[in-house]
Student: 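Sharing a structure below in structure tokens format, with a few things to ask.
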Amino acid sequence: MKNTRKLLALLLALAMCLGLAACGGSSDDTDDSDSGSASSTADASSTDEGGDSSAAEETGDDSGSTEEVTITWALWDYESTAYWSALKEGYESTHEGVTIEVIDLGSTDYMTQLATQLAGGNSELDVVSIKDIPGYSNLINLGLLEAMNDNLTIDEADFNGVLEQLTADDGNFYAVPFRSDFWVLYYNKDIFDEAGIDYPSNDLTMEEYDALARELTSGEGSEKIYGTHYHTWRSDVTLFGILDGEHTIIDGEYDFLTDYYNLVLSEQEDGICMDYGELKTSGLHYSAAFENGQVAMCPMGSWFIATLQTYNSEAEANGVDEVNFGIVKYPHPDGVEAGTTLGTVTSLGVNTNSENKEAAIDFVNWCASAEGADIMASTGSFPAVSTDDTVSIISATEGFPSDESSLEALNTVAVYLEMPLSSYASEIETILNTEHDAIMTGAETVEEGIANMNEQVQDILSE
């Protein structure tokens with residue numbers, strides 16, 4: 001791959017020399033900007049150092065100067081998201097002549113805004129950040145993303161099966177993950193210690209998890225400690241059902257979710273977890289429930305680690321107690337290997353109409369590379385391609401739990417996407433969320449809600 005790139009770079013340099021000799025012209029810089037960009041976020045980017053004309057190439061004239069190129073990168077929440085700027089600065093510092101220009105579209109309706117920006121053959125954006133699967137599917141359907149199969153310089157196997165889940169019906173994947181979050185189980189060590197109960201293990205079955213939650217529940221009223229906690233997202237309940245690798249949320253058949261709904265509703269009825277309807281009404285966030293010491297355990301994504309680290313670092317100044325927390329691997333059904341979990345990815349794609357396509361592709365590869373992964377880990381975020389080095393970097397960040405069990409929790413054996421690629425992802429999500437709300441509030445029985453899921457999603461899939 002690198003030899004091929006070098007050859008392409010030499011051929012392009014030769015062609016440019018001939019062109020300059022023939023007409024006395026000079027190469028143009030590309031400085032694309034979007035005047036309609038929105039507010040609060042930003043970017044950072046990267047590319048593979050083996051890049052050819054995309055990054056820093058010689059112009060071919062006698063001066064030996066470096067051709068400059070500007071890559072525009074669409075993203076969200078630049079100012080509040082540390083890894084965007086870290087990637088941007090990391091790439092620019094190792095790729096002479098390359099400037100990354102960030103176009104911050106904000107997080108509200110980001111994917112809709114992005115599709116609007118790209119529509120009509122817009123070539124002003126080069127690299128685009130992919131926030132969710134429904135939006136990703138829409139961009140593919142509109143033909144706005146470059147296929148990445150033949151452009152990837154990283155072993156596909158390093159992505160732990162995620163690329164297969166991002167592959168469209170035509171056999172191509174159109175985005176490369178650079179960030180990955182996966183679900184683990186958070187627990188409050190102080191609550192376990194006060195109850196005299198051993199901390200959860202990294203091999204916790206659903207039955208063991210339920211029993212532990214019941215054992216840890218104590219107290220009444222404002223002093224009550226709940227054994228576990230589920231946020232109001234549908235995923236908090238239904239993700240347990242796809243850990244076997246045999247089912248997905250887009251199948252159109254949801255009877256496999258019955259046992260998990262019954263488990264959580266039983267815990268809710270017995271006061272082991274907070275009431276879903278009351279949570280919806282009060283708007284209590286899972287972070288507040290855990291940080292306030294109201295719950296002993298909380299299944300949640302790995303992004304919550306950084307939130308807790310920040311909370312603890314500011315606790316003294318804010319006049320609150322730190323949370324003495326640990327993490328273990330996500331609870332799993334019998335027959336499923338410990339370390340199997342669910343995940344979400346943030347990916348990068350290349351605008352099919354980009355005028356800096358080769359540079360953009362190099363940038364995407366670098367972000368997902370070992371170098372980009374180390375930079376991601378240094379910000380406390382999990383890269384899509386995890387290594388022993390990135391695990392060590394993340395676990396060494398200030399405030400990460402110091403016990404070996406928490407460190408081991410970062411090692412996964414399989415990660416299934418919460419929502420695999422489907423052209424019907426948005427419609428399916430709407431149906432499942434509506435029925436989930438009805439089930440959890442008691443407006444429908446589990447059987448009624450799942451029957452509605454089956455019927456309505458199958459109607460969509462048959463269109």
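From a predicted model like this one, the values you see are computed outputs, not experimental measurements. Every heavy atom of this structure was used, including side-chain atoms; hydrogens, water molecules and symmetry mates were not.
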Student: Between D203 and H332, do the side chains contain a donor N or O and an acceptor N or O under 3.5 Å apart?
Tutor: yes
Student: Any idea how Y261 and H436 line up, ring-wise: parallel (<30°), tilted (30 to 60°), or perpendicular (>60°)?
Tutor: tilted
Student: I'd like to know whether CD of E314 has more than 12 heavy-atom contacts from other residues, nucleotides or ligands below 6.0 angstrom.
Tutor: yes
Student: When you compare the side chains of N452 and E455, does any donor N or O come within less than 3.5 Å of an acceptor on the partner?
Tutor: no
Student: Assess whether atom CG of D170 is packed by more than 12 heavy atoms of other residues, nucleotides or ligands within 6.0 Å.
Tutor: yes
Student: Please check: side-chain N/O of T412 versus main-chain N/O of V415, any donor-acceptor pairing under 3.5 Å?
Tutor: no
Student: Can you tell if the side chain of F382 reaches within under 4.5 Å of the side chain of I305, non-hydrogen atoms only?
Tutor: yes
Student: Does any N or O in the side chain of S354 come within less than 3.5 Å of the main-chain N or O of N351, such that one atom is a donor and the other an acceptor?
Tutor: no
Student: Should the ring pair F240 and Y330 be called parallel, tilted or perpendicular, given that the plane angle runs from 0 to 90° and is split at 30 and 60?
Tutor: parallel
Student: In terms of heavy-atom contacts, does CD of E207 have more than 12 from other residues, nucleotides or ligands at under 6.0 Å?
Tutor: no
Student: Quiz question: by atom type and distance under 3.5 Å, do the side chains of E208 and T205 form a donor-acceptor pair?
Tutor: yes
Student: When V364 is tested against each of L152, D126, V176 for side chain to side chain contact (heavy atoms under 4.5 Å, CB included), which residue passes?
Tutor: V176
Student: Side-chain contact, heavy-atom cut-off 4.5 Å: V127 with I71?
Tutor: yes
Student: Is a side-chain donor-acceptor pair under 3.5 Å present for T153 with N365?
Tutor: yes
Student: For D255 and T258, run side-chain hydrogen bond (donor to acceptor under 3.5 Å, both in side chains): C-alpha distance rounded to whole Å, both residues' side-chain angles, the deciding distance at 0.1 Å, then the answer.
Tutor: CA-CA 6 Å; D255 291 337; T258 300; 5.0 Å; no
Student: Ignoring hydrogens and angles, tell me if any N or O in the side chain of N172 forms a donor-acceptor pair with the backbone of A168 under 3.5 Å.
Tutor: no
Student: Between T228 and E267, do the side chains contain an N or O donor and an N or O acceptor separated by less than 3.5 Å?
Tutor: no
Student: Could you give the distance from OG (S287) to OH (Y311), rounded to the nearest 0.5 Å?
Tutor: 9.5 Å
Student: Distance from I450 atom CD1 to L257 atom CG, nearest 0.5 Å?
Tutor: 5.5 Å
Student: I'd like to know if the side chain of H247 pairs up with that of Y254 as donor and acceptor (distance under 3.5 Å, no hydrogens or angles considered).
Tutor: no
Student: For the residue pair S392 and D389, confirm or rule out a side-chain donor-acceptor distance under 3.5 Å.
Tutor: no
Student: Judged by modelled atom types alone, do D181 and S302 share a side-chain donor-acceptor pair under 3.5 Å?
Tutor: yes
Student: In this structure, is the centre-to-centre distance between the rings of Y286 and W233 below 6.0 Å?
Tutor: yes
Student: Got a second to check how far I154's CD1 is from F159's CZ, nearest 0.5 Å?
Tutor: 4.5 Å
Student: How about Y276 and D437: does a side-chain donor come under 3.5 Å of a side-chain acceptor?
Tutor: yes
Student: Please confirm whether the backbone N or O of E246 pairs with a side-chain atom of D244, one donor and one acceptor, at under 3.5 Å?
Tutor: yes
Student: State yes or no: are the ring centers of F304 and H231 separated by less than 6.0 Å?
Tutor: no
Student: If we ignore angles and hydrogens, is there a donor and acceptor under 3.5 Å between the side chains of S405 and N202?
Tutor: yes
Student: F325 vs Y186 aromatic rings, parallel, tilted or perpendicular, using cut-offs 30° and 60°?
Tutor: tilted
Student: Show your reasoning for whether side-chain hydrogen bond (donor to acceptor under 3.5 Å, both in side chains) applies to Q456 and D459.
Tutor: CA-CA 5 Å; Q456 295 175 41; D459 286 345; over 6 Å; no
Student: Compare every heavy atom of V385 with every heavy atom of A368, then report the nearest pair and how far apart it is.
Tutor: O-CG2, 4.0 Å
Student: Taking it one step at a time, do R214 and S266 satisfy side-chain hydrogen bond (donor to acceptor under 3.5 Å, both in side chains)?
Tutor: CA-CA 11 Å; R214 292 176 179 277; S266 176; 3.1 Å; yes
Student: Does L145 reach the side chain of V128, with side-chain heavy atoms less than 4.5 Å apart?
Tutor: yes
Student: Go through the side-chain N and O atoms of E355 and S123 and say whether any donor and acceptor fall under 3.5 Å apart.
Tutor: yes
